[in-house]
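Worksheet: the structure to be examined is printed underneath.
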Amino acid sequence: MSFPLLTVTAAVPAVGAILTAAVPAARRTAAKWLALLVSLATLVFAGIVFVRFEPGGERYQLTESYAWIKDFGVRYELGVDGIGVALIALTALLIPFVILAGWHDADPLETSSKRWRPTQGFFALILMVEAMVILSFEATDVFLFYILFEAMLIPMYFLIGGFGDRAHAGSDENAAAQRSYAAVKFLLYNLVGGLIMLAAVIGLYVVAGNFSLTEIAAARADGSLEIATSTERWLFLGFFFAFAVKAPLWPLHTWLPNAMGEATAPVAVLITAVVDKVGTFAMLRFCLGLFPEASKWATPAIVVLALISIVYGALVAVGQRDIKRLVAYASISHFGFIVLGIFAMTSQGQSGATLYMVNHGISTAALMLVAGFLISRRGSRLIADYGGVQKVAPVLAGTFLIGGLATLSLPGLAPFVSEFLVLVGTYARYPVAGVIATTGIVLAALYTLVLYQRTMTGPVKEEVRSLPDLRPRELAVVVPLIAVLIFLGVFPKPLTDVVNPAVRHTMSDVQQKDPQPEVEAAK
């Protein structure tokens with residue numbers, strides 16, 4: 001039996017979560033270091049997966065398959081394609097920075113209520129989310145994926161509801177109510193989506209007789225499995241609805257600003273840079289892979305929803321007064337770009353969408369974590385409470401600017417490559433949609449630069465005069481993220497080499513070819 005590399009990559013953070021939770025209450029620092037070391041070990045295994053993956057080889061590699069629930073045909077079946085490998089690498093890369101950034105976020109609070117924040121539980125929950133997300137990128141059994149898709153909601157619920165933003169530390173009752181509302185809204189939205197998906201999963205088993213993604217796709221390709229058009233479309237809608245909630249796509253997005261606003265900055269990064277990517281990843285793997293005809297049938301409507309997400313998210317971000325909610329609405333706009341690239345049904349669009357998932361994760365992590373450092377110093381999320389920060393904390397302001405410029409896809413930074421590919425791929429098949437989507441770029445420049453201008457420039461407000469600049473631990477979080485943004489901005493080849501073959505397989509699933517440019521004959 002070959003070494004189960006994919007299982008080990010997910011098992012390391014899962015076991016680490018159990019060990020971290022078991023550390024005695026008085027040994028908070030030991031629990032933090034244990035969680036950090038576990039996340040670094042996971043990064044090593046994820047790096048081995050990335051290196052061992054052969055872009056020109058089989059579609060799904062490093063496969064594992066074991067009988068699980070025989071009576072229902074459920075198997076513990078894993079395998080990765082280029083898209084899954086890229087997102088596993090993103091997840092493993094970000095978690096150490098999330099842990100470092102949240103180093104003191106779960107320390108005991110001395111407030112009027114004397115509420116105790118269990119440090120060990122905070123870091124254990126982060127590691128458990130990492131394990132479930134990695135395993136969801138590896139799962140090729142639909143039922144296994146569904147279990148992971150739903151199970152990751154539990155630790156996320158406790159991270160949002162149990163560990164609030166320190167900016168609310170002065171009003172315990174109101175803050176607790178807002179956290180509870182955000183956590184319950186997050187849970188209900190995603191549970192409803194998951195229940196609808198469960199009905200579709202059961203329906204898929206009824207028509208296919210098993211849950212194996214590879215077997216179902218192969219049977220559909222060779223004609224031995226035929227699904228009625230109406231049935232396929234209903235099954236597609238069941239899957240897509242759940243993924244659109246997770247993504248999140250307008251109009252199913254309203255849980256995200258609440259969740260990101262009330263969570264700590266590291267948990268907000270975990271939500272939008274890691275967990276939400278499961279939704280867009282699943283659109284590529286399951287919606288297009290299992291239901292190609294239905295995917296093409298639904299494409300016009302989904303393109304419209306993606307365009308609304310792009311423009312609506314950016315417009316609402318422009319008017320935000322809360323830093324974290326601004327980043328949340330910007331992320332809704334960016335997820336619109338990702339969905340648009342997926343359903344443009346072109347190789348450029350889908351390659352760009354996959355790169356966008358990775359690059360958005362890194363850029364949003366950089367911006368949100370620096371914003372979190374700023375908010376923890378001032379104790380406020382309101383933009384109006386800042387001004388002139390660059391004069392008292394120039395390094396903080398500079399890194400905040402770079403994170404913001406990456407968010408607006410400045411050339412030379414990683415998101416530019418992915419956004420450009422999405423727009424080119426969309427314009428090739430849907431010119432009008434490509435033109436409308438470009439308005440998101442203009443609006444991104446507006447909300448990013450206005451945010452920087454109002455918080456970092458101008459006269460120094462009295463309340464920010466004593467703000468310290470970034471500390472060594474905080475620099476250890478931000479500097480590597482910025483370095484990755486620059487590296488992938490000027491040299492995206494390591495990712496494109498891995499992603500492009502997987503995209504070609506997906507294009508083959510839906511039987512689509514790139515539109516050929518119209519060239520007028522020379523006179």
Near-ring test His360/Phe335, centroid separation under 6.0 angstrom: yes
Over 12 non-hydrogen atoms of neighbours within 6.0 angstrom of CZ in Phe158: no
Arg285 (side chain) donor-acceptor with Ala139 (main chain) under 3.5 angstrom: yes
Arg377/Glu474 salt bridge by N-O under 4.0 Å criterion: yes
Any donor-acceptor N/O pair, Thr354 side chain to Ile83 backbone, under 3.5 Å: no
side-chain hydrogen bond (donor to acceptor under 3.5 Å, both in side chains), paired with Ser351, selected from Thr346, Thr496, Asn500: Asn500
Any donor-acceptor N/O pair, Gln61 side chain to Glu54 backbone, under 3.5 Å: yes
Ring geometry between His334 and Tyr356 (parallel below 30°, tilted from 30 to 60°, perpendicular above 60°): tilted
Output field: ring centroids Phe149/Phe243 closer than 6.0 Å: yes
Side chain Thr272, main chain Val269, donor-acceptor under 3.5 Å: no
Spacing of CG belonging to Leu305 relative to CZ belonging to Phe343, to within rounding of 0.5 Å: 10.0 Å
Side-chain donor/acceptor of Ser333 to backbone N/O of Tyr329, under 3.5 Å: no
Parallel, tilted or perpendicular: ring planes of Phe281 versus Phe145, cut at 30 and 60 degrees: tilted
Side-chain donor or acceptor of Arg429 paired with backbone N/O of Ala344 under 3.5 Å: yes
Any donor-acceptor N/O pair, Lys246 side chain to Asp276 backbone, under 3.5 Å: no
Short side-chain to backbone donor-acceptor contact, Thr399 and Leu396, under 3.5 Å: yes
Sole residue of Ile99, Thr119, Thr264 in side-chain contact (heavy atoms from CB on, under 4.5 Å) with Asp105: Thr264
CZ (Arg454) with more than 12 external heavy atoms under 6.0 Å: no
Any donor-acceptor N/O pair, Thr140 side chain to Glu77 backbone, under 3.5 Å: yes
Ile271 vs Ile160 side-chain heavy atoms within contact, under 4.5 Å: yes
Chi angles and distances behind the side chain to side chain donor-acceptor pair (under 3.5 Å) call for Ser39, Glu130: CA-CA 9 Å; Ser39 69; Glu130 179 182 24; 5.9 Å; no
Main-chain N/O of Lys324 paired to Arg381 side chain as donor or acceptor, under 3.5 Å: no
Side chain proximity check, Pro266 to Leu100, heavy atoms < 4.5 angstrom: no
